[in-house]
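Working notes, structure below.
The shown structure was predicted, so the numbers you read here are calculated from the model rather than taken from an experiment. Below, chain A is the first sequence line, B the second, and so on; all start at residue 1.
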Protein chains: 4
Amino acid sequence: MPDSDAEPANRRRRKQARPQELLDAALALFVEKGFAATRAEEVAKQAGVSKGTLYLYYPSKEELLKAVIRHFLSSRITEGVVLAEQHVGSIGDFLRVELAQWWAQLYDNPAAGVFKLVIAEARNFPEIGEFYATEVVQPAHALLAGLIARGAAAGEFRVVDVDSAVHSLVFPLVMACLHRHALAACPGDWRLDGRAFMAQHIDLVLDGLCCRTPLPTPIAVPSPR
Amino acid sequence: MPDSDAEPANRRRRKQARPQELLDAALALFVEKGFAATRAEEVAKQAGVSKGTLYLYYPSKEELLKAVIRHFLSSRITEGVVLAEQHVGSIGDFLRVELAQWWAQLYDNPAAGVFKLVIAEARNFPEIGEFYATEVVQPAHALLAGLIARGAAAGEFRVVDVDSAVHSLVFPLVMACLHRHALAACPGDWRLDGRAFMAQHIDLVLDGLCCRTPLPTPIAVPSPR
Amino acid sequence: MPDSDAEPANRRRRKQARPQELLDAALALFVEKGFAATRAEEVAKQAGVSKGTLYLYYPSKEELLKAVIRHFLSSRITEGVVLAEQHVGSIGDFLRVELAQWWAQLYDNPAAGVFKLVIAEARNFPEIGEFYATEVVQPAHALLAGLIARGAAAGEFRVVDVDSAVHSLVFPLVMACLHRHALAACPGDWRLDGRAFMAQHIDLVLDGLCCRTPLPTPIAVPSPR
Amino acid sequence: MPDSDAEPANRRRRKQARPQELLDAALALFVEKGFAATRAEEVAKQAGVSKGTLYLYYPSKEELLKAVIRHFLSSRITEGVVLAEQHVGSIGDFLRVELAQWWAQLYDNPAAGVFKLVIAEARNFPEIGEFYATEVVQPAHALLAGLIARGAAAGEFRVVDVDSAVHSLVFPLVMACLHRHALAACPGDWRLDGRAFMAQHIDLVLDGLCCRTPLPTPIAVPSPR
DNA sequence: CATGAATGAGACTTCATTCAT
DNA sequence: AATGAATGAAGTCTCATTCAT
């Protein structure tokens with residue numbers, strides 16, 4: 001049967017691609033200039049459409065922001081969780097290899113910019129904070145906490161405060177992404193070799209976690225006057 | 001003495017305090033809502049003055065932002081540098097005690113919000129990025145890098161990539177501040193015991209740096225695909 | 001017969017009905033929400049066609065408005081004129097019976113909404129005012145004025161200012177229609193039995209017109225209390 | 001005592017007059033062009049201020065509309081009620097003289113335009129319909145119904161359906177106002193001597209109400225079709 | 001110095017109209 | 001003929017900034 005199915009043709013193919021194109025454009029601009037300082041028309045222009053078209057796909061600039069965050073966070077995070085669940089073998093190896101690789105890829109991807117967006121906008125848009133906390137932070141934290149606890153149970157790691165260890169591990173990776181889209185993108189050369197840093201950081205933390213000679217007694221930090 | 005002079009005494013005190021009050025108000029609001037989404041009038045109101053008065057002290061909202069960042073960053077950073085320069089004795093002890101304390105105090109101080117501000121606005125306002133990079137990041141980084149290098153030279157630390165080690169040490173501390181003013185300030189209970197985390201994190205990193213048994217050969221991170 | 005022809009039969013019928021369906025939908029919406037506040041797409045949707053199709057039949061929203069007014073006014077008014085011209089016999093009877101019936105029918109018909117439309121839009125669209133004045137008001141007025149004059153000449157009515165009498169007779173009938181599509185359509189129960197009112201109003205006016213005994217000088221009745 | 005009180009000076013005097021000036025401008029334009037078709041900036045311009053100033057006094061165009069209707073309706077209606085309550089003597093006299101005069105004044109006043117506004121916008125803005133119904137229609141109707149009932153009780157008027165009589169009396173007066181701001185304001189000469197018409201209409205209705213020869217049996221209006 | 005009324009550029013959003021399919 | 005995706009002019013409303021008082 002001939003082109004009775006091909007009728008969609010050009011227009012319809014564009015229509016299908018639009019949401020992604022708009023999200024890409026919006027991500028780039030929101031990360032670069034901030035949400036409030038980005039004009040809806042700029043997003044449209046960068047996506048190659050007119051102002052009105054943007055509103056055909058997202059009912060408001062705010063909904064576009066939420067869609068950006070949902071889209072780029074959730075598509076990445078699910079991959080990561082799947083990866084971790086599939087892994088068998090040494091926890092240390094997994095973290096050193098797979099975690100490093102996953103973060104290295106994120107670091108090189110525009111999606112890494114969402115961290116900046118979330119930090120900047122979560123307080124203004126409660127839905128964003130909630131989405132990020134429940135859909136990203138909690139699952140990812142639980143995943144890593146579980147791995148570290150398993151490593152400790154297996155005698156691979158020292159017994160430490162697991163939540164803190166997760167933060168120690170992850171925060172610098174997030175910061176590297178923030179840095180890339182903040183200071184590193186400023187005039188002047190403030191760049192940082194993110195991939196190398198991430199690998200070394202993971203090594204350093206694993207080293208700290210690694211079960212060896214007993215620790216010296218930690219010295220309490222006096223509370224501020 | 002005629003009373004025409006009696007009142008000015010009080011008023012003059014207020015007048016002198018104005019810049020600080022305006023900076024405090026601006027910091028709080030800029031951190032909470034973002035620079036672009038904060039209205040100049042809100043800042044004035046929170047500082048207890050009228051819109052017009054704000055412009056008597058700062059010629060524009062943008063200049064106010066820069067003043068906020070300069071003020072809260074530079075006053076803190078100089079303290080820290082002085083602290084470090086005065087220290088004699090074990091590097092590890094210094095980091096574990098003084099660094100932890102300095103950051104714990106910052107964490108509890110509104111000034112910690114500037115990190116969020118800088119990350120959000122550095123790309124929009126080149127001066128801010130440059131100021132932060134040259135006046136804060138570089139001196140602080142040099143300071144810590146110097147300490148770690150000294151520690152390594154003294155046999156207290158392993159020989160590692162110093163720059164990475166500094167980032168591993170500092171990034172989570174910055175992230176804790178960011179977290180406090182982003183997710184932790186959202187509805188829902190996403191708080192985190194920042195002081196405890198900071199202490200444990202510093203311990204963990206120092207532990208990783210600490211010169212003990214030989215390290216296992218680090219496994220190279222394969223480049224993405 | 002191949003089915004390529006079977007469907008068009010139906011479609012052709014629809015196509016013929018389109019203008020009327022569009023006019024009905026437009027009338028209802030313009031009356032309900034006002035011309036400017038009604039979106040062209042709403043009209044199309046209510047008529048069961050797409051936005052584009054509307055423009056196949058009417059070149060602009062404004063032309064649609066004019067068509068609505070022309071259509072619903074002229075079709076009604078010609079009926080009325082014919083009715084009046086056919087009548088023989090007592091003027092009073094004609095007015096009491098035929099006029100009442102004609103208005104009662106209009107009152108129950110969506111077409112009654114055009115009065116609201118004309119009043120709201122005549123000043124914005126001169127053509128509308130002119131059409132209404134020349135095609136509706138003047139013929140209708142002339143018709144009724146002629147009848148009343150005839151009634152007066154025949155001794156059936158008192159001699160009064162004929163133009164005023166026509167307005168006294170007709171204005172409340174128009175107002176009843178306006179009321180039905182304005183206040184009576186609002187939340188709350190502001191309805192009014194239009195048909196009964198119209199009949200009684202016509203009676204009252206005819207009574208006022210009716211030739212009877214000279215009026216007594218009204219005697220002032222002291223109000224109670 | 002010196003000018004410590006005179007400080008208000010120019011600016012403050014303007015500020016006090018603004019709301020009235022804006023309401024006047026808004027009334028004129030809303031009546032002329034309709035609410036939706038009037039731009040906020042036009043209203044501001046006609047009131048001699050800038051766009052932004054309008055929003056200093058009314059938070060939205062819709063609130064401005066409501067304020068216009070509340071203002072022009074309520075200030076007029078209270079006068080009328082007071083007038084009626086103060087009257088003693090013949091009901092017929094009151095209606096013929098005071099009612100006619102009150103309406104004649106309204107007819108010549110821009111406030112008469114609100115009727116057009118209410119009819120056009122009541123369905124879109126429920127508050128408007130409710131305000132008009134409860135604050136204007138009901139009190140005014142009750143007032144006149146009471147008078148006519150009193151007249152009937154005193155033998156001055158025939159016994160008729162009081163509500164219908166009120167409508168017969170009032171509807172044409174409202175229509176005259178509508179006419180003035182609709183057709184009469186269109187190009188072409190569709191004017192009408194409103195004051196004369198009003199007086200004659202009131203006479204005619206009072207004449208119909210007046211107690212004289214028995215009425216002919218009213219002929220029932222057949223229901224439609 | 002301080003105020004707050006006023007301004008107007010500029011941003012978001014809507015919607016009449018067009019036109020490729 | 002019919003559709004509905006796309007456009008961009010135009011309108012509402014905000015807010016940084018100015019300036020008369």
Partner set under side chain to side chain contact (heavy atoms under 4.5 Å, CB included) for C:Ala28, not counting sequence neighbours: C:Gln46
Summary of protein contacts for nucleotides 5-11 of chain E, nucleotide by nucleotide, where a base hit scores B, a sugar-phosphate-only hit scores S (4.0 Å, heavy atoms): BBBBBBS
D:Leu22 CG to F:dC13 P: how many Å, rounded? 14 Å
For B:Phe30, which residues count as a ring pair (Phe, Tyr, Trp, His ring centres under 6.0 Å) partner, sequence neighbours excluded? B:Phe35
Expected output is a numbered-order residue list: members of residues 64-71 of chain D with a heavy atom under 4.0 Å from any atom of DNA chain E. What is it? none
Distance, rounded to the nearest Å, where B:Glu21 contributes CD and E:dA2 contributes P: 11 Å
State which residues pass salt bridge (charged side-chain N to carboxylate O under 4.0 Å, His left out) with A:Arg123; sequence neighbours excluded, sorted by chain then number. none
For D:Ser60 and B:Glu41, find the nucleotide of DNA chain F closest to each by heavy atoms; which residue's nucleotide sits nearer the 5' end? D:Ser60
Enumerate donor-acceptor pairs with a distance under 3.5 Å from any side-chain N or O in residues 49-58 of chain D to protein atoms, sequence neighbours excluded.
{"from": "D:Ser50", "atom 1": "OG", "to": "D:Thr53", "atom 2": "OG1", "distance (Å)": "3.4"}

Under the rule for side-chain hydrogen bond (donor to acceptor under 3.5 Å, both in side chains), what residues qualify as partners of A:His71, not counting sequence neighbours? A:Gln20
For D:Leu23 and D:Phe72, what are the C-alpha separation, side-chain angles and deciding distance, and is it a side-chain contact (heavy atoms from CB on, under 4.5 Å)? CA-CA 9 Å; D:Leu23 291 175; D:Phe72 289 99; 4.0 Å; yes
How do D:Pro59 and B:Pro59 order along DNA chain F: which one's closest nucleotide is nearer the 5' end? D:Pro59
Hunt down any stem DNA chain F takes part in, defined as 3 or more consecutive Watson-Crick or G-U pairs whose two distances are each under 3.5 Å. E:2-21 with F:2-21
Which side-chain hydrogen bond (donor to acceptor under 3.5 Å, both in side chains) pairs, counting each pair once, include a residue from residues 34-43 of chain C, with sequence neighbours left out? C:Lys33-C:Glu42
Integer-rounded Å distance: F:dT12 C1' and D:Glu42 CD: 13 Å
Taking only residues at least two apart or on different chains, which pairs with a member in residues 23-32 of chain B satisfy salt bridge (charged side-chain N to carboxylate O under 4.0 Å, His left out)? none
Could you name each residue pair satisfying salt bridge (charged side-chain N to carboxylate O under 4.0 Å, His left out) that touches residues 52-66 of chain C, not counting sequence neighbours? C:Glu62-C:Lys66, C:Glu63-C:Lys66, C:Lys66-C:Glu127
